[in-house]
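To keep things clear, I will list the structure first and then write my remarks on it.
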Amino acid sequence: MEQEFTDQDAREVPHRGHGGRVAAPPLPRAVPSLPPLTYVRLGERPLRRFPQLFAGLALYGFSLAVMVRSSLGLSPWSVLNEGLEHHTSLSFGTLTAVVGVLVLLLWIPLKQRPKFGTVANIVVVASASDLGLLLVPEHLGLPARVGLLVGEVLLNGLSIAVYVGARFGPGPRDGLMTGASAATGRSLRLVRTLIEITVLVVGRLLDGSVGVGTVLYALMVGPTTQFFMPWFVYGATAERVGRGSAGATG
């Protein structure tokens, strides 16, 4: 919720300036609040939102491929999948799908339901990841790999903000993030970071591969997503009308 301050509010909290005179304190800056991240129906402004959804998902899949090519550590969820692969007869890709289904089960107590964006996440991210692995070369030098790693973290956080902000429904892992954030009242930054660290620890205990890139990703993807989110969250028509009415009557 936005905080609004008026000149009268400021004058009602006086303080002493030089010479004993009463002076009004500087007005605090209002901190704008994000629109909700809940689902918005498919038919609302599709030409605005569909490109945002698919662009965000494609960038997300590509960012995963960039991290693979950096060879400096996998993302926490990939560490978990690889760790499980050591203890089962299932392939890495199959385990990725199985983990996604298990994450969807965690949506139930959070009152989350799969939406169009959830299905699109599975299809587009997989395709974009494969394309990225074809486009980004292997066996690069260390400076190039470090650059890929840093770029991947920034691109990953940006892409999450883009496709979640389109509000077609989050992917399995991001639905867990937004649902837990809504249920606990904690910030997306904190919730995402805690989820990534938890997954990382479990994956490492299962002998998944961990590198400096894994740690950087786990610590930075939450703050990066939080930073970019205000730029891309779609404000539904009803919400904009509601805010306008409140301003007119306030």
| query | Which atoms form the tightest heavy-atom contact between Ile160 and Met177, and what is the distance? | reply | CG2-CE, 4.3 Å
| Aromatic ring proximity, centroids under 6.0 angstrom, Phe168 and Phe54 | no
| said: If you compare all heavy atoms of Val233 against all heavy atoms of Arg167, which two are closest, and at what distance to 0.1 Å? | reply: CG1-CD, 4.4 Å
| request: Please report the shortest heavy-atom distance between Pro46 and Gly43, naming the atom on each side. | output: CD-O, 3.4 Å
| field | Point-to-point distance, once rounded to the nearest 0.5 Å, from OG of Ser63 to CG of Leu148 | value | 11.5 Å
Enumerate donor-acceptor pairs with a distance under 3.5 Å from any side-chain N or O in residues 190-205 to protein atoms, sequence neighbours excluded.
residue : atom : partner : partner atom : Å
Arg192  : NE   : Glu196  : OE2          : 3.0
Arg192  : NH1  : Asp174  : OD1          : 2.2
Arg192  : NH2  : Glu196  : OE2          : 3.3
Thr193  : OG1  : Arg189  : O            : 2.8
Glu196  : OE2  : Trp77   : NE1          : 3.4
Thr198  : OG1  : Leu194  : O            : 2.8

| task | Indicate the atoms forming the closest heavy-atom contact of Val221 with Thr225, along with that distance. | result | O-OG1, 2.8 Å
| Hey, quick one: are Leu142 and Leu149 part of the same hydrophobic cluster, counting side-chain heavy atoms closer than 4.5 Å, chains of contacts allowed? | yes
| Okay, side chain of Arg45, backbone of Tyr234: is any donor-acceptor separation there less than 3.5 Å? | no
| task | Please round to the nearest 0.5 Å and tell me the distance separating atom OH of Tyr217 and atom CG of Leu74. | result | 11.5 Å
| request: Drop me the distance from Met220's CE to Glu152's CD, to the nearest 0.5 angstrom. | output: 12.0 Å
| Taking the six-membered ring for Trp, are Tyr60 and Tyr163 parallel (under 30°), tilted (30 to 60°) or perpendicular (over 60°)? | perpendicular
| said: So which atom in Val162 and which in Gln52 form the shortest heavy-atom distance, rounded to 0.1 Å? | reply: O-NE2, 2.7 Å
| task | Please round to the nearest 0.5 Å and tell me the distance separating atom CG of Leu59 and atom CG of Leu64. | result | 11.0 Å
| note | Rounded to the nearest 0.5 angstrom, the CZ-CG distance for Phe62 and Leu133 is 9.5 Å
| request: Could you give me the CA-CA distance, side-chain angles and deciding distance for Asp207 and His87, then say whether side-chain contact (heavy atoms from CB on, under 4.5 Å) is met? | output: CA-CA 9 Å; Asp207 298 325; His87 298 275; 4.0 Å; yes
| Minimum heavy-atom separation for Gly56 to Ser159, with atom names? | O-CB, 3.4 Å
| Would you call the rings of Phe228 and Trp231 parallel, tilted or perpendicular, where under 30° means parallel and over 60° means perpendicular? | perpendicular
Side-chain donor-acceptor contacts of residues 102-111 below 3.5 Å, not counting sequence neighbours, with atom names and distances?
residue : atom : partner : partner atom : Å
Trp107  : NE1  : Pro172  : O            : 2.9

| task | Report whether Val119 and Val125 are members of the same hydrophobic cluster (ILVMFWY, side-chain heavy atoms less than 4.5 Å apart, transitive linking). | result | no
| said: Please determine whether side-chain contact (heavy atoms from CB on, under 4.5 Å) holds for the pair Phe232 and Val164, giving the CA-CA distance in whole Å, both sets of side-chain angles, and the decisive distance to 0.1 Å. | reply: CA-CA 9 Å; Phe232 296 101; Val164 171; over 6 Å; no
| message | Tell me if a side-chain donor or acceptor on Ser181 pairs with a main-chain N or O of Arg186 at a distance below 3.5 Å. | response | yes
| Approximate separation, where rounding is to 0.5 Å, of Gln112 CD and Tyr39 OH | 13.5 Å
